[in-house]
K.L.:
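Here you go, one structure.
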Amino acid sequence: MLCARCQAIHFQTPASSHPLLAGATTYVLHTTRQSLLEAIADGCRFCSLVRSQLGDVETASPVCDELGAYVVLRFSVSGGRAAVANGLRSVGIISRLGNAILDEIRELPEAYATALENHARGRQSAAQQQGVATSHNPVANIQLARLWRDECLRNHSACRLASAGSSPLASLPTRLLDVTDPDRLFLVETGPTPPTTTDTTSSAPPYVALSYAWGAGERFLTLRENVATLRAAGIAGSALPRTFRDAAHAARALGYGWLWIDALCIVQDDEADVARELARMGDVYRCAEMTLAAQGAASAHGGLFAPASPSGRGVLRPCRVDIVVSAPGIAVARAATLAGVANGPDFLAARGWVLQEEVLSSRALVFAGAQVAWECMQMTARETVPVPRPRRLPLAFAALASDGALARERGRVMGNVEAMRMRLFAPQEMLAPESADGGRLPRRRANHFDAWYALVEEYSNKQLTNAGDTLQALGRLSAMFAQGHGTSYLAGLWREDLVSGLAWYVAVNDEREVNDADTRRRVAPSWSWASVGKVRVRYVPTLTEPHQPASS
């Protein structure tokens, strides 16, 4: 539902000359904090969306002072009537709780609108049953996640290429968790024949893998003393850390019978088993049909789902409202579907092992605290903007050539992860086009080796618990890179590009300590970047040719 203020949003030329309002129309949504909160309490979807984008501390707002408002909406009229009537526009929010922007998106297809509506109803029902203001049902967003997953499985050839097919038996992890009953999990050895679940409707593969931060708190591990019990009697879901428990329920709700979690599928006090399974870690994520990424959980006890705020800040659905825009030469009435953002902490970003997991996971359902998001080789989506959008593949930005500023900008657009994915799974499509600078500037090389060095730089920003894992955490990536490009691996470097590979240095702006001499000798040769430990490493750019002045 919409409150009375949101049912008649009429943007007009403001009675203010404040610079923030130049070239724009405004609408006073609420004049007091109390009226905003009352609208949210009464169930106004748009007011809830607006509130979800704002802070908690009141600050000075000259615009609100001039207009006698608590929340003001701003709508640009640049481009004239045609642009206002037909183009997708953003709506600014200016308030005493801070400023924000709502992006206009195309009207939601019925399937996505229905999924979001069902999610909202599920949350409301759970809240009423538990007697709290708001609550997260662990499977409330699964309908939306299924839409994303099914679209990818049906139509994405690049994702099929990257995911190593349908998880052939040879690529199954040594052990999997049977999550047929997510309230009691069983550890199963895959063995020489496919495992079967206790539910005949669920086949052995495919499986899903969990990516998470171990973090602080008590750890539940598979050990030599309990592995037989986990196979025979299983473990009650209630005895597991919350992230593991949520992952089991999410996997089952998505239709999977098998789940891989490193803490449970590796015998953690068996050195031989740990060494063997860590070497296979990359294959586990590459062969999983999907990775569940617990981005918003600081530890295994954080869970996949963060509780929503009773103030309405947990409302993430896009909202459709009718607007009227009146300005000199402009009179437009139309509908607008507006969406916000929901940014939260990313507890996976600092993990050393997660980089390999991210590159090799062809599909990821990301639990980002306040919302669920989707990432695959070809598209991205999130609850706030649920219709999938094509990912900007590095194909169009393959040449990190030209000058350094352009290289950095293009690197930001495509990201080191996407670049390495393409180098691994579609190397021929990553051939760099000619530079557009006409040869006036020295060209920075942009081949597969430079993609590797960029990934090393990214990797060096991350943390590892064990210094000895420095090379191992990139083990599968290096093996695939060597096979795909016919190169010889040398402790983080490549024989065929050794001169450039040796041009690394330790960045000065890193508070972490370089490994001592004994540790360096154990980890890697002294000429390898891996020997210095988990400190920030940078590479000297490699130019394809020396700088030559333009000919007249």
K.L.:
Sequence neighbours left out, what pairs pass salt bridge (charged side-chain N to carboxylate O under 4.0 Å, His left out) with at least one residue falling in residues 293-305?
P.N.:
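Residue pairs passing salt bridge (charged side-chain N to carboxylate O under 4.0 Å, His left out), neighbours aside: none found.
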K.L.:
Between Q378 and N155, is any pair of side-chain heavy atoms under 4.5 Å apart?
P.N.:
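No; the side chains remain at least 4.5 Å from each other.
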K.L.:
State, yes or no, whether a side-chain contact exists between R146 and I142 at a heavy-atom distance under 4.5 Å.
P.N.:
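Sidechains of I142 and R146: in contact.
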K.L.:
Taking side chain as C-beta onward, heavy atoms only, is L259 less than 4.5 Å from P182?
P.N.:
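Side-chain contact under 4.5 Å: no.
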K.L.:
Could you tell me the separation between the CD1 atom of I9 and the CG atom of L2, rounded to the nearest 0.5 Å?
P.N.:
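Answer for the CD1-CG pair, I9 versus L2, is 7.5 Å.
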K.L.:
Go through the steps to decide whether R252 and D178 satisfy the test salt bridge (charged side-chain N to carboxylate O under 4.0 Å, His left out), and finish with yes or no.
P.N.:
CA-CA 10 Å; R252 192 61 186 141; D178 180 352; over 6 Å; no
K.L.:
Any sub-3.5 Å donor-acceptor pair from R74's side-chain atoms to L20's backbone N or O?
P.N.:
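Yes, because the side chain of R74 sits within donor-acceptor range (under 3.5 Å) of the backbone of L20.
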K.L.:
Let me confirm one number: the CG-SG distance from L36 to C3, rounded to the nearest 0.5 Å.
P.N.:
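The distance works out to 9.0 Å.
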K.L.:
At their closest point, which heavy atom of R81 faces which heavy atom of G329, and how far apart are they?
P.N.:
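Nearest pair, atom of R81 first, then G329: CB-O, 4.1 Å.
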K.L.:
Show me, pair by pair, the donor-acceptor contacts under 3.5 angstrom made by side chains of residues 344-352, not counting sequence neighbours?
P.N.:
from, atom 1, to, atom 2, distance (Å)
D346, OD1, L348, N, 3.0
D346, OD1, A349, N, 3.3
R351, NE, Y212, O, 3.3
R351, NH1, Y212, O, 3.0
R351, NH1, E357, OE1, 3.4
R351, NH2, E357, OE2, 3.3

K.L.:
Provide the closest heavy-atom pair for A327 versus T25 in the form atom of the first, atom of the second, distance.
P.N.:
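Closest approach of A327 to T25, heavy atoms only: CB-CG2, 3.9 Å.
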K.L.:
Given M290 and C152, is the side chain to side chain contact (heavy atoms under 4.5 Å, CB included) satisfied, shown in steps?
P.N.:
CA-CA 11 Å; M290 179 192 302; C152 179; over 6 Å; no
K.L.:
P318 and T384: which non-hydrogen atoms are nearest, and at how many Å?
P.N.:
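Looking at all heavy atoms of both residues, the shortest contact is CG-O, 3.2 Å.
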K.L.:
Compare every heavy atom of V28 with every heavy atom of A69, then report the nearest pair and how far apart it is.
P.N.:
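Nearest pair, atom of A69 first, then V28: CB-CG1, 3.6 Å.
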K.L.:
Do S361 side-chain atoms and A364 backbone N/O form a donor-acceptor pair below 3.5 Å?
P.N.:
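A pair under 3.5 Å: no.
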K.L.:
Any side-chain heavy atom of I94 sitting closer than 4.5 Å to one from L21?
P.N.:
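A side-chain contact exists here, since the closest heavy-atom pair is under 4.5 Å.
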K.L.:
Output all residues satisfying salt bridge (Lys or Arg N to Asp or Glu O under 4.0 Å) with D262, sequence neighbours left out; order by chain, then residue number.
P.N.:
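Salt bridge (Lys or Arg N to Asp or Glu O under 4.0 Å) check on D262 returns nothing, list empty.
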K.L.:
Does T243 reach the main-chain N or O of A300 with its side chain, forming a donor-acceptor pair under 3.5 Å?
P.N.:
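Judged by distance alone, yes, a pair lies under 3.5 Å.
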K.L.:
Carefully, step by step, assess L477 and L455 under the rule side chain to side chain contact (heavy atoms under 4.5 Å, CB included).
P.N.:
CA-CA 10 Å; L477 282 181; L455 199 75; 3.7 Å; yes
K.L.:
If you take all heavy atoms of Q295 and A368, which pair is closest and at what distance?
P.N.:
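The answer is OE1-CB, 3.5 Å.
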K.L.:
State whether the side chain of D246 and the backbone N or O of L304 hold a donor-acceptor pair below 3.5 Å, judged by distance alone.
P.N.:
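Yes; at least one donor-acceptor contact below 3.5 Å.
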K.L.:
Passes side chain to side chain contact (heavy atoms under 4.5 Å, CB included), W374 versus L365? Steps please.
P.N.:
CA-CA 5 Å; W374 176 266; L365 184 62; 4.2 Å; yes
K.L.:
Which pairs, with at least one residue in residues 74-111 and sequence neighbours excluded, count as a ring pair (Phe, Tyr, Trp, His ring centres under 6.0 Å)?
P.N.:
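Every pair satisfying ring pair (Phe, Tyr, Trp, His ring centres under 6.0 Å) with a residue in residues 74-111: F11-F75.
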K.L.:
Are I105 and V387 side-chain neighbours, meaning at least one heavy-atom pair lies under 4.5 Å?
P.N.:
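No, their side chains stay 4.5 Å or more apart.
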K.L.:
Calculate, to the nearest 0.5 Å, the distance between atoms CG and CD1 belonging to L73 and I93 respectively.
P.N.:
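Nearest 0.5 Å value for the CG-CD1 distance: 6.5 Å.
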K.L.:
Under the ring pair (Phe, Tyr, Trp, His ring centres under 6.0 Å) definition, can you give me all pairs with a residue in residues 78-117, not counting sequence neighbours?
P.N.:
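Qualifying pairs, neighbours excluded: none.
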K.L.:
With side chains defined as the heavy atoms from C-beta onward, is the minimum distance between L116 and L108 less than 4.5 Å?
P.N.:
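Side chain of L116 against side chain of L108, heavy atoms only: contact under 4.5 Å found.
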K.L.:
Would you indicate whether R389, at its atom CZ, is surrounded by more than 12 heavy atoms from other residues, nucleotides or ligands within a distance under 6.0 Å?
P.N.:
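Open.
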K.L.:
Could you tell me whether R106 atom CZ has more than 12 heavy atoms of other residues or ligands within 6.0 Å of it?
P.N.:
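Open.
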K.L.:
Do side-chain atoms of W148 reach the backbone of P386 as a donor and acceptor pair under 3.5 angstrom?
P.N.:
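Confirmed, W148 side chain pairs with P386 backbone.
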K.L.:
Supply the atom-to-atom distance R51 CZ to S95 OG, rounded to the nearest 0.5 angstrom.
P.N.:
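Reported to 0.5 Å precision, the distance equals 8.0 Å.
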K.L.:
To the nearest 0.5 Å, what is the distance between CG (L338) and CZ (F46)?
P.N.:
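Result: 5.0 Å between the selected atoms.
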K.L.:
My understanding is that only residues two or more places apart in sequence, or in another chain, count here; which of them pass ring pair (Phe, Tyr, Trp, His ring centres under 6.0 Å) with W260?
P.N.:
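Partners of W260 by the ring pair (Phe, Tyr, Trp, His ring centres under 6.0 Å) criterion, ordered by chain and then number, come out as Y285.
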K.L.:
Filter on salt bridge (charged side-chain N to carboxylate O under 4.0 Å, His left out), then keep only pairs touching residues 361-374, sequence neighbours left out; what's left?
P.N.:
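Qualifying pairs, neighbours excluded: none.
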K.L.:
Just by distance, do the side chain of S76 and the backbone of S78 share a donor-acceptor pair under 3.5 Å?
P.N.:
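Confirmed, S76 side chain pairs with S78 backbone.
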K.L.:
Let's go through Y207 and L177 carefully: what are the C-alpha distance in whole Å and the side-chain angles of both, what is the deciding distance for side chain to side chain contact (heavy atoms under 4.5 Å, CB included) to 0.1 Å, and is it a yes or a no?
P.N.:
CA-CA 9 Å; Y207 66 93; L177 294 166; over 6 Å; no
K.L.:
Whether the side chain of Q356 engages the backbone of R476 through a donor-acceptor N/O pair (distance < 3.5 Å, no angle test) should be reported.
P.N.:
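Pair found, side chain donor or acceptor close to backbone of R476.
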K.L.:
Given side chains that start at C-beta, do those of S61 and Y70 come closer than 4.5 Å, heavy atoms only?
P.N.:
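Side-chain contact under 4.5 Å: no.
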K.L.:
Enumerate the salt bridge (charged side-chain N to carboxylate O under 4.0 Å, His left out) contacts for residues 322-336, please, sequence neighbours excluded, ordered by first and then second residue.
P.N.:
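Of all non-adjacent pairs touching residues 322-336, those that pass salt bridge (charged side-chain N to carboxylate O under 4.0 Å, His left out) are E104-R334.
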K.L.:
Strictly by salt bridge (charged side-chain N to carboxylate O under 4.0 Å, His left out), give each pair with a member in residues 84-103 just once, sequence neighbours left out.
P.N.:
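Checked against salt bridge (charged side-chain N to carboxylate O under 4.0 Å, His left out) - neighbours excluded - the pairs reaching residues 84-103 are D65-R96.
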K.L.:
To the nearest 0.5 Å, what is the distance between CZ on F244 and NE2 on H301?
P.N.:
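Atom-to-atom, F244:CZ and H301:NE2 are 8.0 Å apart.
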K.L.:
For D183, is there any backbone N or O sitting under 3.5 Å from a side-chain donor or acceptor partner on R245?
P.N.:
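Checking the backbone N and O of D183 against the side chain of R245, no donor-acceptor pair under 3.5 Å is found.
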K.L.:
Do any pairs count as a side-chain hydrogen bond (donor to acceptor under 3.5 Å, both in side chains) and have a residue in residues 4-24, sequence neighbours left out, and if so which ones?
P.N.:
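Qualifying pairs: R5-Y27, H10-S326, S16-E66.
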K.L.:
Which atoms form the tightest heavy-atom contact between R160 and L153, and what is the distance?
P.N.:
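Looking at all heavy atoms of both residues, the closest pair is NH1-O, 3.3 Å.
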K.L.:
Quick check against the 3.5 Å criterion: does R149 have a side-chain atom that pairs as donor or acceptor with the backbone of L254?
P.N.:
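The answer is yes, because a donor-acceptor pair under 3.5 Å joins these two groups.
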K.L.:
Quick one: does R320's side chain get under 4.5 Å of R45's, heavy atoms only?
P.N.:
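Of all side-chain heavy-atom pairs linking R45 with R320, none is under 4.5 Å.
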K.L.:
Hey, does the side chain of R242 reach the backbone of G302 with a donor-acceptor pair shorter than 3.5 angstrom?
P.N.:
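Confirmed, R242 side chain pairs with G302 backbone.
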K.L.:
For D42, give me all partners under side-chain hydrogen bond (donor to acceptor under 3.5 Å, both in side chains), at least two apart in sequence or on another chain.
P.N.:
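In terms of side-chain hydrogen bond (donor to acceptor under 3.5 Å, both in side chains), with neighbours along the sequence ignored, D42 is linked to no residue.
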K.L.:
Using the salt bridge (Lys or Arg N to Asp or Glu O under 4.0 Å) criterion, which residues pair with E38? Sequence neighbours excluded.
P.N.:
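Partners of E38 under the salt bridge (Lys or Arg N to Asp or Glu O under 4.0 Å) test: none.
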